[in-house]
Amino acid sequence: MTDDIPTITRDGVIGYDATEIVTIDQATGAEFARYPVAGKEEALAAVSAARSVSGAWWDLGFEGRAERLRAWRRQIASSGEEGAALIHAENGKPLDDARVEVLGTLEHVQYAADNAARVLERREVPGSPTTPNQRAWVEYQPYGVVGVIGPWNFPLLTPAAILVDALAAGNAVVLKPSQITPGVAEWLVRSWQRAVPELPTVLQSLNGYGATGQALIEAGLDKLAFTGSVATGKRVAAQCAQTLTPVLLELGGKDGVIVAEDADLDEAAAHVVWGAMQNTGHGCISLEVAYVVESVHDEFVRKISELAGQVRVGSDEDAEIGPVPLPSQTSIIREHIKDALERGATATVGGLDAVGDRYVAPTVLVGVAPDALAATEETFGPTLAVIKVADADEAVAHINAGRYGLGSAVFSRDRGEAIARRLRVGMTSINDALVFSMNPAVPFGGRGDSGYGRKQGEEGLREFAYAHSFTAKTGPARFSASTFGRPQGAMAGALAGARNRILAESGEKSD
């Protein structure tokens, strides 16, 4: 997974290693904390410790695990302000947005605790006419030890939504957080240890850079869940392929929004500006491109430009979006804006002057070429590219032609569902923005370069359990279908009987 030439992604440098992590307080730029980096020995020890308790965790059963998940939820709630303060310091997002991550985590834990048994309990399946003396059922069993590699943009909510599903399904989990936000992961693990003191190593964390993530995969995981850039995700998938380790990939996005001719423009503008700029645009589901039907284009641009210009940037209590925690990301944002402007776009808000060393103000780009970087590649910043289209059909074609397929939004009074259903993406909000990410019962994931697999909802719980199928003999059979001692002509008679039944179902007669 390593190259002679380092590859820089929005996760950091692929394969980078060091002996220590030094985090900063994003509001001041001052040193915040120091953490030792875990290497191969620590990764092996963590996976071994997780495996040693995975059986005991599974043996608790659904209700036993739900009881402990609820105790963990109480601990998270009790120390929620501490967790929010850590997110604010390490990631830089406004404190209220950090609190949203804590609230979302509480909802995910509740959903998993309340629904894991229903979704994953033993399920009887129909018998077969060929083997009428057999009953059949399916049980969903845990993989064992699941590794979770988390991002810095939502350092609590994103990994928590995944590892909660894995825990509820009966797995032990080792979390490798982003090197930018290790303190958030340590706080989450401490809350687990207080809640479940008899099984503290069911949830662990390992701090480090890309090399630590590689070491975790090499340590013998039974499944991995990775959230991050496409470039890193491809390397992770390639490494997992060497041992056929199943992997869930939640990768990048270039999420488009369609504003149809019958959209409520005030509603659309308010949601689109928030969907593009919230969390400083650091979201794989951030709305990065708006495809606006020409009959409403100019009015919509006026409305979003006015709203975007009012978004407050900074680290004080009044700020609505914070700094860019990863220094290399500002150069990507600047490159995308510069490329769009050079291709003829106009910045109605922001522009190149909006990009500083640590803070980036909102930018609205109008008249963006469909093949510009701001329209095709993930910007991961507080920018919105606006492209005028003749109709919703053209907008759908643009989105479906892209290599990503994560989230989207559609604004239309009468045709929202019809338009949304044609999009080749994993999720769509209709007449709103990003709401599919706020409901723990809604599956979250994408297609194409946005990855595969799902977290959240019933699909998320099943993502971390494999189907074990069973059959059991209930009594003697007229003749055995699974031995060599079949009576002469038994299979010919069975086939003739099946033919006659099937033809009778459609009113046909057999020859």
Side-chain angles (χ1 to χ4, degrees), residues 50-51 54-55 57-70 72-73 104-105 107-126 136-150 157-175 202-203 221-227 233 236-237 240 244-251 285 405-407 425-428 436-448 450-471:
R51 195 171 305 286
S54 60
W57 177 242
W58 170 245
D59 288 343
L60 288 173
F62 289 113
E63 188 48 48
R65 290 192 295 276
E67 179 183 341
R68 286 155 180 81
L69 287 171
R70 293 184 182 108
W72 186 34
R73 183 170 178 260
T105 299
E107 287 194 25
H108 280 285
V109 177
Q110 180 177 356
Y111 177 85
D114 291 349
N115 291 280
R118 175 184 61 81
V119 175
L120 300 176
E121 64 186 353
R122 170 175 168 150
R123 176 169 57 89
E124 301 293 325
V125 298
W137 70 95
V138 176
E139 294 181 9
Y140 294 94
Q141 299 182 348
Y143 284 92
V145 179
V146 172
V148 177
I149 299 179
L157 184 55
T158 292
I162 295 171
L163 63 86
V164 164
D165 287 341
L167 290 169
N171 302 278
V173 176
V174 181
L175 168 63
V202 166
L203 176 62
L221 297 172
D222 299 301
K223 182 156 186 171
L224 177 75
F226 170 81
T227 303
V236 166
C240 287
L244 295 180
T245 302
V247 59
L248 161 66
L249 296 177
E250 182 190 325
L251 307 179
I285 57 171
L406 195 56
V425 298
M427 303 163 290
T428 306
F436 48 74
S437 68
M438 302 176 189
N439 183 346
V442 173
F444 185 109
R447 54 184 297 174
S450 292
Y452 46 77
R454 293 294 184 269
K455 67 179 183 183
Q456 299 183 188
E458 296 184 6
E459 286 81 356
L461 288 166
R462 292 196 185 100
E463 188 76 38
F464 296 99
Y466 68 91
H468 186 166
S469 302
F470 299 84
T471 61

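Numbers for residues simply follow the sequence, beginning at 1.
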Trainee: Who pairs with R73 by side-chain hydrogen bond (donor to acceptor under 3.5 Å, both in side chains), at least two apart in sequence or on another chain?
Mentor: Q110
Trainee: Can you find a pair of side-chain heavy atoms, one from E107 and one from P440, that are under 4.5 Å apart?
Mentor: yes
Trainee: Taking C-beta and beyond as the side chain, do F436 and I285 meet within less than 4.5 Å on heavy atoms?
Mentor: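 Side chain of F436 against side chain of I285, heavy atoms only: contact under 4.5 Å found.
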Trainee: In terms of side-chain heavy atoms, does Y140 have a donor or acceptor partner in R123 at a distance below 3.5 Å?
Mentor: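 Their side chains do contain a donor-acceptor pair, which is all the 3.5 Å distance test asks for.
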Trainee: If you apply the rule side chain to side chain contact (heavy atoms under 4.5 Å, CB included), what do you find for V109 with W72, and how did you get there?
Mentor: CA-CA 8 Å; V109 177; W72 186 34; 4.2 Å; yes
Trainee: I'd like to know if the side chain of N171 and the backbone of A166 have a donor-acceptor N/O pair within less than 3.5 Å.
Mentor: yes
Trainee: I want to check something: taking the side chain as every heavy atom from C-beta on, are K223 and Y466 in contact at a cut-off of under 4.5 Å?
Mentor: no
Trainee: Can you tell which of I149, V148, L249 makes a side-chain contact (heavy atoms from CB on, under 4.5 Å) with L224?
Mentor: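 Between L224 and the candidates, side-chain contact (heavy atoms from CB on, under 4.5 Å) is satisfied uniquely by I149.
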Trainee: List the residues meeting side-chain hydrogen bond (donor to acceptor under 3.5 Å, both in side chains) with Y452, not counting sequence neighbours, and say none if there are none.
Mentor: none
Trainee: Heavy-atom distance under 4.5 Å between the side chains of V202 and V173, does that happen here?
Mentor: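 Side chain of V202 against side chain of V173, heavy atoms only: no contact under 4.5 Å found.
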Trainee: Check ring pair (Phe, Tyr, Trp, His ring centres under 6.0 Å) between W57 and all other residues, then give those that pass, not counting sequence neighbours.
Mentor: W192
Trainee: If we only count heavy atoms from C-beta on, is the F226 to E250 side-chain gap below 4.5 Å?
Mentor: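 No, every pair of side-chain atoms sits at 4.5 Å or beyond.
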Trainee: Is it true that H468 and Q141 share a donor-acceptor pair across their side chains at a distance under 3.5 Å?
Mentor: yes
Trainee: Assess the residue pair D222 and R51 against the criterion (side chain to side chain contact (heavy atoms under 4.5 Å, CB included)); give the C-alpha distance rounded to whole Å, side-chain angles, the decisive distance to 0.1 Å, and a yes or no.
Mentor: CA-CA 10 Å; D222 299 301; R51 195 171 305 286; 2.8 Å; yes
Trainee: Compare all side-chain heavy atoms of M427 with those of L406 and state whether any distance is below 4.5 angstrom.
Mentor: yes
Trainee: Heavy-atom distance under 4.5 Å between the side chains of T158 and K455, does that happen here?
Mentor: yes
Trainee: Quick one: pull up CZ in R68 and CG in L167 and give me the separation to the nearest 0.5 Å.
Mentor: 13.0 Å
Trainee: Can a salt bridge be assigned to the pair E463 and R454 using a cut-off of 4.0 Å between side-chain N and carboxylate O?
Mentor: no
Trainee: Could you tell me whether R462 sits above the aromatic face of F464, with NZ or CZ closer than 6.0 angstrom to the six-membered ring centre and within 45 degrees of the axis?
Mentor: no
Trainee: Can you tell me how far CH2 of W137 sits from CZ of R122, rounded to the nearest 0.5 angstrom?
Mentor: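 Here the rounded value is 5.0 Å.
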Trainee: In Å, rounded to the nearest 0.5 Å, how long is the span from CG of L251 to CZ of R447?
Mentor: 14.5 Å
Trainee: Carefully, step by step, assess E121 and E139 under the rule side chain to side chain contact (heavy atoms under 4.5 Å, CB included).
Mentor: CA-CA 7 Å; E121 64 186 353; E139 294 181 9; over 6 Å; no
Trainee: For residues T428 and V425, determine if any side-chain heavy atom of one lies less than 4.5 Å from a side-chain heavy atom of the other.
Mentor: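 Contact flag for T428/V425 side chains = yes.
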Trainee: When you measure from the side chain of R65 to the backbone of L60, do you find a donor-acceptor pair of N or O atoms at a distance under 3.5 Å?
Mentor: no
